[in-house]
Amino acid sequence: MLIKFPFGKEKIEVELPDSTDVLESKATEYIPTKSQEELVQEALENPIGGKRVSELAVGKKNIVIITSDHTRPVPSKVTLPLYLKEIRKNNPTCDITILIATGFHRETTKEEMIDKYGEDIVKNEKFVIHKSQNDEDMVYLGKLPSGGDLLINKLAVEADLLVSEGFIEPHFFAGFSGGRKSILPGIASQKTVFGNHCAKFIASDKSRTGNLDGNPIHKDMEFAAKEAKLAFILNVAIDADKKVIAAFAGDPFKAHEEGCAFVKGLSVVEGTDADIVITTNGGYPLDQNIYQSVKSMTAAEACAKPDGIIIEASKCNDGHGGESFYQTFKNAKSAQEVEDTILKVKMEDTIADQWESQILARILARHEVLYVADESAKQILEDMHMQYVPTIKEALEIALEKKGKNAKIAVIPEGISVIVNPKSAK
């Protein structure tokens, strides 16, 4: 069989045995009956659990729209023009600030803004990029259920109306993206992010892909959204081509819940026990660095036998994605050492990127990872205890040599888009 794997802005075609298990989200088959713009407009006109944002905006002077940054494939060229038009429908003179929710990521560049939002909107609208390390930009809103301090960007707190846009996909420890995540970690202080992403929460068996029930990370995030007075969301579900296939708008919690149910219905796949699992992080913009690509590796982890080999194909032309994340592995003798060290860290002592390091260490301590990436990432990958391989074909040859020519192979063409029901307990 021939399988196409997204890699950067390209698709890599690989020939695999007919016996290969293919795990794909049903979003690849889902064909909406309306255009992207029609789906978004319909959602804005028929909000779930509340008023239209055009009604909420009446009489408001200072309105803030939280939007996702360059690492998220929210199709803002489609959503933002319609969102802005709806907000200004009954209040054309309101002052709107678009706050880019970087969370703990690096700042979005001007070029990335134009690529994501379109030159016209970047030129004519007021944008502010959230900087999580700037304490002077934050306002204290109390204690999270976890006990951590809730510090949020003051632009959002001072707004007369706070709304957000985003997309919903399975998330490897928050259950699902979207909704409340625009607040925490989106526009939260790094101190708040550190507390929410602590070792204890990441290690919880409730903090897993597709699960919100009893998820301690999700609980903190919902609390943060309520305290920040997030009033309205516009969230979309997208397909493999990053196009809108469904839209959900309205109450931040009810609309998000309905969106998560839709995505879950498309994303759940039955797992397998494979000797070799090949996956990707969905191509650009999600596979620009190693940090983001850990997400898809968790899907492969759920399908690999305890000693199975994982082949990850992510462009990683932007390198590691987090200096602390990189140094944690570079300075350690093994992944097991990283995991053992992090599990002992108290919430208040959480450091930058610790959560990502914890999950990657968990995977690397149990599985050999062959990593197909841009050649510029070769040394970084080796420093982080992974083997760089130039192509998926070569990686598969190496894996088959180790596991035998009759090894069981599974592929997850887009690891970030599935919720795997594990076949066996790991």
Side-chain angles (χ1 to χ4, degrees), residues 21 23 170-173 197-211 269-281 290-314 316 320 322 325-326 328-345 353-373 380-389 392 395-396 398-404 407-412 415-416 418-426:
D21 284 340
L23 286 70
H171 189 277
F172 65 143
F173 59 76
H197 292 19
C198 67
K200 180 182 176 183
F201 284 4
I202 295 294
S204 169
D205 61 1
K206 301 290 187 184
S207 304
R208 292 293 184 269
T209 307
N211 181 62
V269 296
E270 291 305 316
T272 184
D273 283 333
D275 299 298
I276 302 165
V277 185
I278 309 171
T279 193
T280 81
N281 214 54
I290 299 166
Y291 183 100
Q292 290 297 328
S293 297
V294 174
K295 295 177 180 178
S296 55
M297 292 168 72
T298 63
E301 175 192 27
C303 291
K305 289 180 180 177
D307 61 344
I309 294 174
I310 293 172
I311 299 173
E312 172 71 33
S314 288
C316 296
H320 47 66
F325 173 59
Y326 167 61
T328 294
F329 285 90
K330 185 182 179 184
N331 297 328
K333 294 177 183 176
S334 67
Q336 189 63 64
E337 179 186 304
V338 173
E339 183 180 35
D340 291 344
T341 301
I342 290 175
L343 285 171
K344 296 172 186 173
V345 177
D353 304 326
Q354 177 184 295
W355 47 94
E356 213 79 4
S357 298
Q358 183 177 354
I359 295 170
L360 180 58
R362 182 186 77 211
I363 294 168
L364 295 182
R366 293 157 182 81
H367 302 282
E368 180 180 357
V369 173
L370 306 179
Y371 212 113
V372 180
I380 296 171
L381 287 162
E382 290 173 357
D383 288 344
M384 296 180 73
H385 308 281
M386 290 175 277
Q387 182 179 344
Y388 166 80
V389 187
I392 295 175
L396 183 57
I398 293 169
L400 286 169
E401 193 174 318
K402 293 184 178 188
K403 289 296 176 183
K408 180 65 179 175
I409 302 170
V411 299
I412 313 173
I416 43 101
V418 299
I419 301 167
V420 179
N421 279 338
K423 189 172 182 180
S424 62
K426 301 297 179 192

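Bear in mind the structure is a predicted one, so any value in this text is a computation, not a measurement. We number each residue from 1, following the sequence as shown. Values reported hereafter were calculated over all heavy atoms of this structure, with side chains retained and with hydrogens, waters and symmetry mates removed.
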Trainee: Identify the two heavy atoms, one from Lys295 and one from Thr298, that lie closest to each other, and give their separation to 0.1 Å.
Mentor: O-OG1, 2.5 Å

Trainee: Using 0.5 Å steps for rounding, measure from the CG atom of Leu396 to the CD1 atom of Ile276.
Mentor: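 Those atoms lie 5.5 Å apart.
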
Trainee: Looking only at non-hydrogen atoms, find the nearest pair between Phe329 and Ser357 and report the distance.
Mentor: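 Looks like CZ-O, 3.4 Å.
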
Trainee: Got a sec, which residues hit side chain to side chain contact (heavy atoms under 4.5 Å, CB included) with Asn211, two or more places apart in sequence or on another chain?
Mentor: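 Listed in chain order: Lys206, Asp213, Asn215.
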
Trainee: Is there a side-chain contact between Glu356 and Leu360 (heavy atoms, below 4.5 Å)?
Mentor: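 A side-chain contact under 4.5 Å is absent here.
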
Trainee: Ser293: which residues meet the side chain to side chain donor-acceptor pair (under 3.5 Å) condition with it, sequence neighbours left out?
Mentor: Ser314

Trainee: Return the CG to CD1 distance between Leu343 and Ile202, rounded to the nearest 0.5 Å.
Mentor: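 Here the interatomic distance stands at 11.0 Å.
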
Trainee: Only counting residues at least two apart or in another chain, list the ones meeting side chain to side chain donor-acceptor pair (under 3.5 Å) with Lys402.
Mentor: Glu368

Trainee: Closest heavy-atom contact between Leu23 and Gly271?
Mentor: CD2-CA, 4.2 Å

Trainee: Excluding sequence neighbours, so at least two apart, what forms side chain to side chain donor-acceptor pair (under 3.5 Å) with Thr279?
Mentor: none

Trainee: What residues, two or more places apart in sequence or in another chain, satisfy side chain to side chain contact (heavy atoms under 4.5 Å, CB included) together with Arg366?
Mentor: Glu339, Arg362

Trainee: Ring pair (Phe, Tyr, Trp, His ring centres under 6.0 Å) with Tyr388: which residues, sequence neighbours excluded?
Mentor: none

Trainee: Look up atom CD1 in Ile290 and atom CG in Leu381, then write down how far apart they are to the nearest 0.5 Å.
Mentor: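 Interatomic distance, Ile290 CD1 to Leu381 CG, rounded to 0.5 Å: 4.0 Å.
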
Trainee: Checking Ala299 now: which residues fulfil side chain to side chain contact (heavy atoms under 4.5 Å, CB included) with it, not counting sequence neighbours?
Mentor: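 Per chain and number, Ala299 pairs via side chain to side chain contact (heavy atoms under 4.5 Å, CB included) with Ile412, Val418, Val420.
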
Trainee: Quick check for you: to the nearest 0.5 Å, what is the distance between Ile416 atom CD1 and Thr209 atom OG1?
Mentor: 11.0 Å

Trainee: Evaluate side-chain contact (heavy atoms from CB on, under 4.5 Å) for Asp353 paired with Thr328, printing each intermediate quantity in order.
Mentor: CA-CA 9 Å; Asp353 304 326; Thr328 294; over 6 Å; no

Trainee: Go through the structure and list residues passing ring pair (Phe, Tyr, Trp, His ring centres under 6.0 Å) with His385, not counting sequence neighbours.
Mentor: none

Trainee: Tell me whether His320 contacts the main-chain N or O of Gly322 through its side chain, where contact means a donor paired with an acceptor under 3.5 Å.
Mentor: yes

Trainee: Can you sort out the partners of Thr341 under side chain to side chain contact (heavy atoms under 4.5 Å, CB included), two or more places apart, ordered by chain and number?
Mentor: Glu337

Trainee: Nearest 0.5 Å, please: how far is CG in Asn281 from CD in Glu312?
Mentor: 6.0 Å

Trainee: Could you tell me which residues satisfy side chain to side chain donor-acceptor pair (under 3.5 Å) with Asp275, sequence neighbours excluded, listed by chain and number?
Mentor: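 Scan of Asp275 (side chain to side chain donor-acceptor pair (under 3.5 Å), adjacent residues dropped) gives Lys305.
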
Trainee: Between Ala395 and Val372, what is the shortest heavy-atom contact and its length?
Mentor: CB-CG2, 4.0 Å

Trainee: What pair of heavy atoms forms the shortest contact from Ala399 to Ile309, and how long is it?
Mentor: CA-CD1, 4.0 Å

Trainee: Can you tell if the side chain of Met386 reaches within under 4.5 Å of the side chain of Met297, non-hydrogen atoms only?
Mentor: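 Contact flag for Met386/Met297 side chains = yes.
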
Trainee: Would you confirm whether Asp21, through its side chain, and Thr272, through its main-chain N or O, come within 3.5 Å as a donor-acceptor pair?
Mentor: no

Trainee: For Asp307, give me all partners under salt bridge (charged side-chain N to carboxylate O under 4.0 Å, His left out), at least two apart in sequence or on another chain.
Mentor: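 Salt bridge (charged side-chain N to carboxylate O under 4.0 Å, His left out) check on Asp307 returns Lys403.
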
Trainee: Measuring only between side-chain heavy atoms, which start at C-beta, is Ile311 closer than 4.5 Å to Ile398?
Mentor: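 Heavy-atom side-chain distance check fails, nothing below 4.5 Å.
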
Trainee: If every non-hydrogen atom of Ile310 is compared with every non-hydrogen atom of Ala304, which pair is closest and at what distance?
Mentor: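 Ile310 and Ala304 have their closest heavy atoms at CG1-CB, 4.5 Å.
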
Trainee: Nearest 0.5 Å, what's the CG-SG distance between Asn421 and Cys303?
Mentor: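 The CG atom of Asn421 sits 10.0 Å away from the SG atom of Cys303.
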
Trainee: Identify, with sequence neighbours excluded, every residue that meets ring pair (Phe, Tyr, Trp, His ring centres under 6.0 Å) alongside His171.
Mentor: Phe173

